[in-house]
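First up is the structure itself, then whatever we jot down about it.
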Amino acid sequence: MGKVNASIPKGTRDFGPQEVYKRQYIIRTLREVFERFGFQPIETPAMEQLSTLTGKYGDEGDKLLFRILNSGDFLRKADAQALAEKDSQALSPSISEKGLRYDLTIPFARYVVMNQHAITLPFRRYQIQPVWRADRPQKGRYREFYQCDVDIVGTGSLLCEAELIQIYQQAFSALQLPVNILINNRKILEGLAEVIGAKDQFNALVVALDKLDKIGWEKVIEEMERNGIDRSKAEQLQQIIENSGNDLSALREALAGSAAGLKGIDEIETIFSYLNDDEKAGASFTLTLARGLDYYTGTIFEVKAKDAQMGSIGGGGRYDDLTGVFGLKEVSGVGVSFGLDRIYDVLEEKGLYPETAAQGTQVLFVNFDSEGEAAAFGYCRELRAAGFRAEVYPESAKMKKQMKYADANQIPFVILIGSEERQQGVVTLKDMATGDQSTLSLSAVIQHLQEHLA
RNA sequence: GUGGCUAUAGCUCAGCAGGUUAGAGCGCUGGAUUGUGGUUCCAGAGGUCGCCGGUUCAAAUCCGGUUAGCCACCCCA
């Protein structure tokens, strides 16, 4: 076999031990919060039927789906005409029936429909798994990344929205990461479109408005015009938004002509009424927040880390009829997602990992010779039984090499058992941070470690 | 899908008005120190300069192509 270049696909990454420890720390923290709120874990397959995935994320989303080539002699069953014309898009359905999941929400909707018999609504689930998007990678954007989703389906209660805000706050508080939580309601945006008479260009309006912070009113209006919204209507929208800002009562007057808009305002007010003062302070109604995904129908959320060069690290919203496309009507759901990889990047950038995030070996036994090795192996067994993470260096290499190994792996304690120690039935314990050494019995070692390791 | 930048040792990079033998720091190996790492000193190994082609007496250096990575746009976690 020829030598192949060692590489991994664009937009994917290997994670070394230190990185995995940190990722596990984030996941552990999130899971604790999720479970505190009564959410239950599920997992779904990496691949789904392509029919489950297509058409759910808009045209853009469909392009970003990773498709899995059928096994076997797939060309024999391929659409002959599409193949002859080299029409990839038309050919695709006949040679690819499966795809990698694009998010966790659609697979969850599919799960709910398929497992109706086994779950009791309302159902609270969390799910921490990778998703894949055939995007062009860049900072904070990967082709394989983890989402950590919490959703409640089977109730339209706005208590759920309030809980999700609490979950965001408690999770990021536990991670010691300051964030802004932005909240809006799709119905309010619909109300705006209705009031200015641009109901038919709702999507264009929302996509353009979402960029307001970034590009300013002039460019937003230009983009709206490009997408068929009259300039006068766009300017009317600007007027409304500048007048009311994020003030709900002012907005209520402006949207007086829209039933949907007023309902949206009612919903936001109800949600805030459930929150205490601290919680209210950490979440802000943001009229220009407009998440693109087509299925949101009510509240929408987005989370951004404060003072960080990173897009959103979380988002979500309510979808009144998510399971409808799979044949289960009138099941409302609301949920939010945490972007693990982006949270990781921000914590890394800000140096916010606690020292306890690492979970490496705590004690290394130096290997002197075959007799010492056997003694070390036995002591190591006892330390492990006592709950410590311990290992014996597997061969009697030079002491310098073994010490370097302990150093490189940030192992805080080293135990030496040479002939002298063996004769006296003791071991030498070295604290790598201070360099201090002491000769102790194993039970004294255990006591010492219990006092000095977290 | 569109645009910009980059590619030299295991890693981070220098070298590039073309010119003999391609360098540094870190890391690695050995030694100073045959029971002591992280500091210090000495020595050593390690490169078809991403790949293909062109210009030239001569290319890591200039030109074209190609591949890969990064960044931005679109969109998003």
Side-chain angles (χ1 to χ4, degrees), chain A residues 5-13 16 26 30 57-65 88-89 101-105 128-149 179 203 206-208 210-211 214-215 219 223 226 290-294 301-305 308-317 335-346 364 366-369 372 393 396-422 427-437 439:
Chain A
N5 194 25
S7 68
I8 56 176
K10 185 203 293 275
T12 65
R13 296 150 304 153
I26 298 170
L30 295 180
Y57 309 106
D59 293 343
E60 197 70 28
D62 282 356
K63 280 187 216 158
L64 301 180
L65 285 174
S88 305
Q89 210 170 345
R101 67 168 163 251
Y102 180 89
D103 73 356
L104 299 178
T105 306
I128 300 174
Q129 290 192 279
V131 303
W132 294 268
R133 296 183 187 177
D135 224 344
R136 197 122 161 201
Q138 52 183 283
K139 184 178 167 69
R141 167 169 302 180
Y142 307 99
R143 287 185 147 184
E144 177 182 63
F145 61 98
Y146 269 69
Q147 289 192 329
C148 313
D149 274 32
V179 296
N203 272 320
V206 160
V207 169
D210 193 36
K211 296 174 188 164
K214 229 174 176 177
I215 63 178
K219 290 193 170 168
E223 182 170 332
R226 265 201 308 282
R291 298 180 55 73
L293 287 176
D294 292 338
F301 303 97
E302 183 157 299
V303 184
K304 289 189 172 182
Q309 296 299 311
M310 180 62 72
S312 65
I313 57 175
V336 294
S337 182
F338 290 75
L340 171 66
D341 302 80
R342 287 188 173 176
I343 293 170
Y344 177 97
D345 287 347
V346 173
L364 174 75
V366 168
N367 189 327
F368 277 88
D369 48 39
Y393 196 88
S396 57
K398 288 195 171 147
M399 164 111 40
K400 176 170 175 152
K401 191 171 180 184
Q402 300 189 45
M403 296 301 282
K404 271 195 147 173
Y405 174 86
D407 200 51
N409 289 289
Q410 296 173 47
I411 299 172
F413 289 98
V414 166
I415 288 179
L416 307 146
I417 310 165
S419 56
E420 292 165 31
E421 285 88 348
R422 274 205 307 286
V427 303
T428 294
L429 179 71
K430 178 177 175 109
D431 183 326
M432 293 295 280
T434 62
D436 294 343
Q437 291 189 190
T439 302

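Just so we're on the same page: letters track the sequence lines, and every chain starts at 1. Because the structure is a prediction, the values reported are computed rather than measured.
- Straight-line distance from the CG atom of L65(A) to the P atom of C76(B): 14 Å, rounded to whole Å.
- For G37(B), its base sits under 3.5 Å from the side chain of D407(A) at one donor and acceptor pair at least.
- When the nearest nucleotides of RNA chain B are assigned to F145(A) and E420(A) by heavy-atom distance, the more 5′-ward of the two goes with E420(A).
- One P atom belongs to U66(B), the other to A77(B), and the distance between them is 34 Å to the nearest Å.
- Here the separation of U56(B) from G44(B), taken at their P atoms, is 42 Å to the nearest Å.
- Side chain of K211(A), nearest nucleotide from C74(B), G37(B), C70(B): C74(B).
- Put simply, OH on Y405(A) is 14 Å from C1' on G37(B), counting in whole angstrom units.
- Applying the side-chain hydrogen bond (donor to acceptor under 3.5 Å, both in side chains) rule to Q402(A) yields no partners; only residues at least two apart in sequence or on another chain are considered.
- The separation between Y142(A) atom OH and G69(B) atom C1' is 14 Å, rounded to whole Å.
- When distances run from any side-chain atom of T428(A) to the nucleotides C73(B), A77(B), G35(B), the shortest one goes to G35(B).
- Residue-level contact check: E421(A) touches the bases, meaning some heavy atom is under 4.0 Å from a base atom.
- Evaluation of the side-chain hydrogen bond (donor to acceptor under 3.5 Å, both in side chains) rule for D345(A) yields Y142(A) as partners, not counting sequence neighbours.
- Distance from the side chain of Q138(A) is smallest for C71(B) among the nucleotides C70(B), C71(B), A77(B).
- As rounded to the nearest Å, G1(B) and G23(B) have P atoms that lie 42 Å from one another.
- When distances are taken from the side chain of M403(A) to each of C71(B), G37(B), A77(B), the shortest belongs to G37(B).
- For T12(A), the side chain to side chain contact (heavy atoms under 4.5 Å, CB included) test picks out I8(A), P9(A), E144(A), with sequence neighbours left out.
- Applying the side chain to side chain contact (heavy atoms under 4.5 Å, CB included) rule to R136(A) yields no partners; only residues at least two apart in sequence or on another chain are considered.
- When the P atom of C76(B) is taken as reference, atom CG of D62(A) falls 13 Å away, rounded to whole Å.
- Considering only side-chain atoms of E60(A), the nucleotide from C74(B), A77(B), G35(B) that sits closest is C74(B).
- Here the separation of C62(B) from C71(B), taken at their C1' atoms, is 26 Å to the nearest Å.
- Using a 3.5 Å distance cut-off with no hydrogens or angles, the side chains of D369(A) and S396(A) do not pair a donor with an acceptor.
- Where stacking is scored as ring centres under 5.5 Å apart with planes under 30°, F368(A) does not register as stacked on the base of G35(B).
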Polar atoms only, N or O, under 3.5 Å: list the protein pairs with nucleotides 3-7 of chain B and their distances.
| residue | atom | partner | partner atom | Å |
| --- | --- | --- | --- | --- |
| G3(B) | O6 | R136(A) | NH2 | 3.4 |

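- Comparing the P positions of G38(B) and G27(B) gives an interatomic distance of 9 Å, to the nearest angstrom.
- Straight-line distance between the P atoms of G15(B) and U8(B): roughly 14 Å, to the nearest whole Å.
- Among the atoms of the strands shown, none is found under 4.0 Å from any heavy atom of G61(A).
- Each of I313(A) and G11(A) was matched to the nucleotide of RNA chain B holding its nearest heavy atom; the match closer to the 5' end belongs to G11(A).
- Scored by the side-chain hydrogen bond (donor to acceptor under 3.5 Å, both in side chains) test, K139(A) finds no partners at all (sequence neighbours excluded).
- Among pairs with a residue in residues 428-437 of chain A, none fulfils salt bridge (Lys or Arg N to Asp or Glu O under 4.0 Å), at least two apart in sequence or across chains.
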- Task: With side-chain hydrogen bond (donor to acceptor under 3.5 Å, both in side chains) as the test, would you mind laying out the steps for E421(A) and T428(A) before giving the verdict?
- Result: CA-CA 7 Å; E421(A) 285 88 348; T428(A) 294; 2.6 Å; yes
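- Within the nucleic acid shown, G311(A) has no heavy atom closer than 4.0 Å to any nucleic acid atom.
- In this structure, of U36(B), C75(B), A77(B), it is U36(B) that holds the atom nearest to the side chain of Q437(A).
- Legend: residues meeting salt bridge (charged side-chain N to carboxylate O under 4.0 Å, His left out) with K401(A), ordered by chain and number and at least two apart, are absent.
- Annotation: A22(B) and C41(B) have their C1' atoms spaced 27 Å apart (nearest Å).
- Inter-residue side-chain proximity for Q129(A) and R101(A) is flagged as met; some heavy-atom pair is nearer than 4.5 Å.
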Each nucleotide of nucleotides 25-33 of chain B classed B (base within 4.0 Å of a protein heavy atom), S (only sugar-phosphate) or -, in 5' to 3' order, makes ---S--SB-
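- The residue K10(A) sits close only to the backbone: its heavy atoms come under 4.0 Å of sugar-phosphate atoms, none of a base.
- In this structure, the CG atom of D103(A) is 10 Å from the C1' atom of A77(B), given to the nearest Å.
- At a threshold of 4.0 angstrom between heavy atoms, the contacts of A408(A) with the nucleic acid are absent.
- As rounded to whole Å, 14 Å separates atom P of G69(B) from atom CZ of R13(A).
- When side chains are defined from C-beta on, Y102(A) does not count as touching W132(A), because their heavy atoms never get closer than 4.5 Å.
- Put simply, CG on D59(A) is 12 Å from P on C76(B), counting in whole angstrom units.
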Given Watson-Crick and G-U pairs under 3.5 Å, RNA chain B in dot-bracket ([ ] crossing, | other strand) is (((((((..((((.....[...)))).(((((.......))))).....(((((..]....))))))))))))....
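- Residue L429(A) holds its CG atom at 6.0 Å from CZ of F413(A), rounded to the nearest 0.5 Å.
- For the pair R133(A) and F145(A), the cation-pi criterion (under 6.0 Å, within 45° of the ring axis) is not fulfilled.
- Residue S337(A) is out of contact with every strand shown, counting any heavy-atom pair closer than 4.0 Å.
- With hydrogens and angles ignored, a donor-acceptor pair under 3.5 angstrom links the side chain of R141(A) to the base of C75(B).
- Under the side-chain hydrogen bond (donor to acceptor under 3.5 Å, both in side chains) criterion, Q147(A) pairs with no residue at all, not counting sequence neighbours.
- Residues meeting the salt bridge (charged side-chain N to carboxylate O under 4.0 Å, His left out) test with R13(A), sequence neighbours left out: D341(A).
- The CZ-P distance, from F413(A) to U36(B), rounds to 21 Å in whole Å.
- Within the 4.0 angstrom heavy-atom criterion, base atoms lie near G435(A).
- Here, U55(B) and U61(B) have their P atoms 15 Å apart, quoted to the whole Å.
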